[in-house]
Trainee: 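Once you've had a glance at the structure underneath, I'll fire off some questions.
Counting convention: from 1, in listed order, for ligands and their atoms alike.
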Amino acid sequence: MTNEADLSKEAAAPRSTPAPQDGAALIALEGLTKFFDAVHALEGVDLYLEEGRVTALLGDNGAGKSTLVRCLTGVHPPTSGTIRFRGEPLKVPSPDAARQLGIETVYQDLGLIEDLQVWQNLFLNRELTRGVPPLRVLDKRAMVKQSAEVLKTLDVNVPNVRATVRRMSGGQRQSVAIARAANWGRTLVIMDEPTAALGVRETAAVERLIGGLRDSGVTVLLVSHDMAQVMRVADVAWVLRRGRAVARREVAETDGDELVGLITGAIPGDDDE
Ligand SMILES: Nc1ncnc2c1ncn2[C@@H]1O[C@H](COP(=O)(O)OP(=O)(O)OP(=O)(O)O)[C@@H](O)[C@H]1O
Ligand SMILES: [Mg+2]
């Protein structure tokens with residue numbers, strides 16, 4: 001784990017990895033900094049996500065990956081720095097605002113409501129209704145039917161869309177959270193360690209799903225500790241170390257050993273002083 005003492009020794013010097021100038025970046029982070037009191041979780045991160053590509057975000061425990069995701073999706077306000085969306089500075093004041101932009105996230109802690117059933121989680125805050133105002137009612141039948149279709153398409157192994165999340169296994173919960181993000185994400189789907197709790201078959205299904213999202217033009221940001229998975233599904237990888245983006249590699253031009261070295265610091269990053 002990264003600790004406060006280690007972090008506080010490092011100066012928050014501005015980084016210099018410029019985003020592409022041709023507008024290809026869907027998201028560009030400039031000097032993104034996030035402090036939790038004395039903990040410097042992010043220290044001037046410069047990083048960009050190219051539209052329509054799968055980007056892996058790598059780093060050791062505590063490197064700042066989940067914090068970066070939460071700043072991007074409006075869960076945490078950054079302490080300073082800029083987030084650009086298609087070149088325009090973006091204020092993402094809330095997860096709802098991120099959703100409006102077509103950004104969907106599978107958080108490391110999943111964000112499911114345990115006491116609700118699968119279909120209710122899939123349509124949380126986006127419930128379908130039928131009838132004419134003011135007599136609109138929830139269209140439960142449509143939501144149950146669509147949920148079953150989504151889970152089937154995504155090859156999600158959940159016995160029943162009416163099952164309560166509380167009674168499901170870790171892998172099944174993870175699959176439901178992924179299905180929800182993939183179903184609603186139109187622009188960017190962010191997955192924070194999506195296959196950590198999954199079996200072999202489910203992991204393969206999620207990797208196919210990531211490929212399918214890219215094929216349909218959706219940008220994917222994948223946080224993963226699984227180097228073999230990164231090599232299989234990602235186009236490009238960014239390495240965070242102690243709250244800084246220290247390297248960017250095209251996956252086709254690197255290998256697992258180099259990425260692990262960059263993560264641990266055994267191999268110096270491009271932005272190391
Ligand atoms: N809500 C919070 N309050 C205080 N400190 C936090 C909070 N969230 C994260 N941190 C701290 O910020 C640093 C980065 O944490 P973060 O969760 O972003 O790491 P990570 O790269 O996602 O790690 P992991 O691989 O273990 O998930 C850590 O030192 C962590 O303790
Ligand atoms: Mg994390």
Side-chain angles (χ1 to χ4, degrees), residues 1-12 15 17 27 29 31-47 49 54-81 83 92-95 98 103-112 170-171 173-174 177-178 181 188-198 203 206 210 220-231 233-234 236-249 256 259-267 269 271-272:
M1 282 293 291
T2 308
N3 62 45
E4 285 174 37
D6 274 340
L7 286 168
S8 61
K9 280 186 210 148
E10 297 185 14
R15 304 279 112 193
T17 311
I27 300 276
L29 309 181
L32 197 74
T33 296
K34 177 65 185 176
F35 296 167
F36 295 104
D37 298 322
V39 178
H40 295 189
L42 299 174
E43 286 197 73
V45 171
D46 288 338
L47 174 157
L49 305 182
V54 178
T55 299
L57 183 61
L58 310 177
D60 247 333
N61 295 129
K65 305 178 298 296
S66 296
T67 303
L68 188 154
V69 166
R70 292 194 166 100
C71 286
L72 191 49
T73 57
V75 175
H76 292 322
T79 306
S80 63
I83 302 172
V92 189
S94 69
I103 300 173
E104 289 293 325
T105 311
V106 184
Y107 293 101
Q108 202 167 6
D109 55 10
L110 301 185
L112 299 176
R173 290 170 195 221
Q174 194 132 22
I178 291 165
L188 171 64
V189 172
I190 304 173
M191 301 187 183
D192 195 346
E193 305 200 29
T195 58
L198 299 188
T203 297
V206 170
I210 290 171
V220 177
L221 178 61
L222 170 70
V223 179
S224 177
H225 285 281
D226 180 344
M227 287 310 124
Q229 174 170 77
V230 168
M231 300 305 296
V233 305
V236 61
W238 284 89
V239 178
L240 283 192
R241 203 190 304 141
R242 294 182 178 178
R244 293 174 174 193
V246 297
R248 173 187 181 279
R249 290 288 181 274
L259 293 176
V260 169
L262 288 165
I263 290 167
T264 61
I267 299 175
D271 276 350
D272 284 325

Trainee: Go through the structure and list residues passing side chain to side chain contact (heavy atoms under 4.5 Å, CB included) with Ala56, not counting sequence neighbours.
Mentor: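 For Ala56 the side chain to side chain contact (heavy atoms under 4.5 Å, CB included) partners, ignoring immediate neighbours, are Leu58, Val230, Ala234, Ala237.
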Trainee: Among Leu222, Asp226, Val223, find the one that has a side chain to side chain contact (heavy atoms under 4.5 Å, CB included) with Glu193.
Mentor: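 When Leu222, Asp226, Val223 are each tested with Glu193, the side chain to side chain contact (heavy atoms under 4.5 Å, CB included) holds only for Val223.
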Trainee: Asp192 near ligand 1, heavy-atom distance under 4.0 Å?
Mentor: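 The answer is no, since Asp192 has no heavy atom less than 4.0 Å from ligand 1.
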Trainee: I'd like to know if the side chain of Arg241 and the backbone of Thr264 have a donor-acceptor N/O pair within less than 3.5 Å.
Mentor: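 Side chain of Arg241 to backbone of Thr264: no pair is present.
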Trainee: Compare Leu42, Thr67, Leu58 and give the one whose heavy atom is closest to atom 16 (P) of ligand 1.
Mentor: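 That would be Thr67.
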Trainee: Which atoms of ligand 1 have any heavy atom of Val39 under 4.0 Å away?
Mentor: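 So the atoms of ligand 1 that pass are 11 (C), 12 (O), 29 (O).
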Trainee: Report the part of Asp37 (side chain from C-beta onward, or backbone N, CA, C, O) that has a heavy atom under 4.0 Å from ligand 1; answer both or neither where that applies.
Mentor: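 Within the 4.0 Å criterion, Asp37 makes no contact with ligand 1.
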Trainee: With atom 22 (O) of ligand 1 as the reference point, say which of Ser66, Cys71, Gly59 has the nearest heavy atom.
Mentor: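 Answer by nearest heavy atom: Ser66.
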Trainee: For Leu68, is at least one N or O under 3.5 Å away from an N or O on ligand 1?
Mentor: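 Between Leu68 and ligand 1, no N or O pair is found under 3.5 Å apart.
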Trainee: Within less than 2.8 Å of the Mg ion (ligand 2), any N, O or S from Ser66?
Mentor: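 Yes, Ser66 qualifies, because one of its backbone or side-chain N, O or S atoms lies under 2.8 Å.
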Trainee: Is His225 close enough to touch ligand 1? Criterion: a residue heavy atom under 4.0 Å from a ligand atom.
Mentor: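 Contact check His225 vs ligand 1: positive.
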Trainee: To the nearest 0.5 Å, tell me how far Leu198 CG sits from Thr203 OG1.
Mentor: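 If we round to the nearest 0.5 Å, Leu198:CG and Thr203:OG1 are 4.5 Å apart.
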Trainee: Can you give me every donor-acceptor pair (side chain of residues 63-73, partner residue at least two apart or in another chain, under 3.5 Å) with its distance?
Mentor:
from, atom 1, to, atom 2, distance (Å)
Lys65, NZ, Gly59, O, 2.9
Lys65, NZ, Asp60, O, 3.0
Ser66, OG, Gln108, OE1, 2.8
Ser66, OG, Asp192, OD2, 2.6
Thr73, OG1, Val69, O, 3.0
Thr73, OG1, Tyr107, OH, 2.9

Trainee: Any heavy atom of Gly64 closer to ligand 1 than 4.0 angstrom?
Mentor: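 Gly64 counts as a contact of ligand 1 under the 4.0 Å cut-off.
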Trainee: Would you sort out whether Glu104 and Ile190 count as a side chain to side chain contact (heavy atoms under 4.5 Å, CB included), showing the intermediate values?
Mentor: CA-CA 6 Å; Glu104 289 293 325; Ile190 304 173; over 6 Å; no
Trainee: Just going by heavy-atom distances, which of Ser224, Gly62, Gly243 is nearest to atom 23 (O) of ligand 1?
Mentor: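 Among Ser224, Gly62, Gly243, the closest heavy atom to atom 23 (O) of ligand 1 comes from Gly62.
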Trainee: Would you check the N or O atoms of Ala41, main chain and side chain alike, for any that come under 3.5 Å of an N or O of ligand 1?
Mentor: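 There is no such contact.
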Trainee: Does the residue Glu193 have a heavy-atom contact with ligand 1, meaning some pair of atoms that are separated by less than 4.0 Å?
Mentor: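 Per 4.0 Å heavy-atom rule, Glu193 contacts ligand 1.
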Trainee: Drop me the distance from His76's NE2 to Leu42's CG, to the nearest 0.5 angstrom.
Mentor: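 Separation between the atoms: 9.0 Å.
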Trainee: Do the side chain of Gln174 and the main chain of Pro194 share a donor and acceptor less than 3.5 angstrom apart?
Mentor: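 Such a contact is found between Gln174 side chain and Pro194 backbone.
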